[in-house]
Protein chains: 2
Amino acid sequence: MTMTIDMSDLRRRFHDMQYKMTPQREIILRAFIDFQDKHLSAEDIYQIVRKRSPEIGLATVYRTLELLSDLEVLKKLDFGDGRSRYEINETNSSHHHHHLICLLCGSVKEFEDDLLETLENAIAQKSNFLIVDHQLKIYGYCLACQQKRNNVD
Amino acid sequence: MTMTIDMSDLRRRFHDMQYKMTPQREIILRAFIDFQDKHLSAEDIYQIVRKRSPEIGLATVYRTLELLSDLEVLKKLDFGDGRSRYEINETNSSHHHHHLICLLCGSVKEFEDDLLETLENAIAQKSNFLIVDHQLKIYGYCLACQQKRNNVD
DNA sequence: TTGTATGCAAAACTTTTGCACGCCA
DNA sequence: TGGCGTGCAAAAGTTTTGCATACAA
């Protein structure tokens, strides 16, 4: 599953909203493209981006992450480790994935799925809630950690 | 839906684990029983508990919340407002609820459901992941805010 | 009595903000 | 050129930790 950012569309949206496409913002976007499958924190991004652009400030990283989340280019996630994480937002609708979070090693795996739509419809009908998005986190043990646990027993 | 904490079972578990049942811990538990449907933050709990026991420390609240989460008496939640929130963990298995989070007013409504089990089974089979728990957050607009939005248009 | 728990204060972290300067459009 | 964006440092907010004291078992 390849996920890219439509840069020409993004530039258009920046222009429309009177935002400027600065080198810092480009470099931060590039980091997300280069580390597609990761769920990067602000500090992660800062460290990655510093290599290309050592004078960048952490505040700029935070401000850019907020901007890109508002524009729905990024999605802000929380895996319970005390910091926010971000991933590219898949705009190609119906293509959802969930996160499988290992309680032992903390690894996060993605799981593709569309099944949740049925549930969404049920919720929308029963609750008068206008659904825009959802986020499903599944906690448990990854294969490696299941094996670790078996060896201990 | 009434959700209570089995205190005698909890006392037994405390005893087994060499934990002590202190007045502070009891008062914090009581706060969760008194505010069942709320999703309380550490600060919320601190303010509630202070009325009964003014000398309590915020650190004690945090330590107790962590302990009770480890014991699976409480569930730690994150609604993206920069602080963790907690609710009583429903141990009566199969009885899950999700959170409908309003993007406009921030209100959080609960939605009862078991439909997710089908999806869990599918995930377990396809991914070699041993599922222990899950958390589904649904973002959108509550009825009141839908109406507000319509009036503006 | 003894080791766990508490309260207070300080520290550690993540995230936000103010402000002077820089630079994209 | 004008105004948005940046970097730095300070501030704000949440959560954790060290330590002496208190107290449940």
Side-chain angles (χ1 to χ4, degrees), chain A residues 7-8 10-29 31 39-71 73-74 76-86 106, chain B residues 7-8 10-29 31 39-71 73-74 76-86 106:
Chain A
M7 285 304 279
S8 59
L10 189 55
R11 277 177 206 282
R12 192 181 318 120
R13 291 167 66 197
F14 265 53
H15 183 262
D16 292 349
M17 312 272 287
Q18 327 234 55
Y19 296 136
K20 292 172 182 171
M21 185 54 85
T22 64
Q24 290 91 333
R25 289 173 176 175
E26 282 192 355
I27 291 173
I28 290 172
L29 279 164
H39 306 99
L40 302 168
S41 67
E43 185 65 33
D44 291 339
I45 290 288
Y46 183 51
Q47 294 309 330
I48 291 167
V49 154
R50 232 144 125 65
K51 288 177 193 155
R52 281 186 207 280
S53 173
E55 61 309 322
I56 200 170
L58 183 54
T60 298
V61 173
Y62 274 103
R63 283 186 282 233
T64 302
L65 293 175
E66 193 188 3
L67 176 68
L68 294 173
S69 298
D70 289 347
L71 290 176
V73 173
L74 297 180
K76 191 175 187 175
L77 307 171
D78 173 87
F79 296 146
D81 64 347
R83 72 209 64 184
S84 294
R85 296 181 170 279
Y86 299 82
Chain B
M7 286 302 282
S8 59
L10 188 55
R11 277 176 206 284
R12 192 181 318 120
R13 288 166 68 198
F14 266 54
H15 182 261
D16 292 351
M17 311 274 286
Q18 327 234 59
Y19 296 137
K20 293 172 184 173
M21 185 53 83
T22 65
Q24 290 89 335
R25 288 174 176 176
E26 283 192 355
I27 290 173
I28 290 172
L29 279 164
H39 306 99
L40 302 168
S41 68
E43 186 65 31
D44 291 338
I45 289 289
Y46 182 52
Q47 294 307 332
I48 292 167
V49 153
R50 233 141 123 67
K51 290 178 192 155
R52 283 185 205 280
S53 173
E55 61 308 324
I56 200 168
L58 183 55
T60 299
V61 172
Y62 274 103
R63 284 186 282 231
T64 302
L65 293 175
E66 192 188 3
L67 176 67
L68 293 173
S69 297
D70 288 348
L71 290 176
V73 173
L74 297 180
K76 192 176 186 174
L77 307 172
D78 172 88
F79 296 146
D81 63 348
R83 72 210 65 181
S84 295
R85 295 182 172 277
Y86 299 82

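Atoms considered below: every heavy atom in the structure, side chains included; atoms not considered: hydrogens, waters and symmetry mates. In the text below, chain A, chain B and the rest are named by the order of the sequence lines, each starting its count at 1.
- Using a 4.5 Å heavy-atom threshold, the side chains of B:I48 and B:L40 count as touching.
- Using a 4.0 Å cutoff on non-hydrogen atoms, the parts of residues 52-62 of chain B near DNA chain C are B:E55, B:I56, B:G57, B:A59, B:T60, ordered by number.
- B:Y86 places none of its side-chain heavy atoms less than 4.5 Å from the side chain of B:I45.
- For A:Y46, the ring-ring contact (aromatic ring centres under 6.0 Å, His included) criterion is met by no residue, not counting sequence neighbours.
- Heavy-atom distances under 4.0 Å link DNA chain D to A:Q18, A:Y19, A:K20, A:T22, A:Q24 of residues 16-24 of chain A, given in residue order.
- Residues A:L29 and A:L10 meet the side-chain proximity criterion, which asks for heavy atoms closer than 4.5 Å.
- Counting only residues at least two apart or on different chains, the salt bridge (Lys or Arg N to Asp or Glu O under 4.0 Å) pairs with a member in residues 52-65 of chain A are A:D34-A:R52.
- If one axis is set at each end of the helix from C:dT1-D:dA25 to C:dA25-D:dT1 from five pairs, those axes are 40° apart, to 10°.
- When atom types are taken as modelled, the side chain of A:R25 and the backbone of A:K20 share a donor-acceptor pair closer than 3.5 angstrom.
- Across all strands shown, A:R25 has heavy atoms under 4.0 Å from sugar-phosphate atoms exclusively, and none from any base.
- Within the 4.0 angstrom heavy-atom criterion, no nucleotide atom of any strand lies near A:S41.
- When DNA chain D is scanned in the 5' to 3' direction for atoms under 4.0 Å from non-hydrogen atoms of chain B, the outermost contacting nucleotides are D:dT14 to D:dA25.
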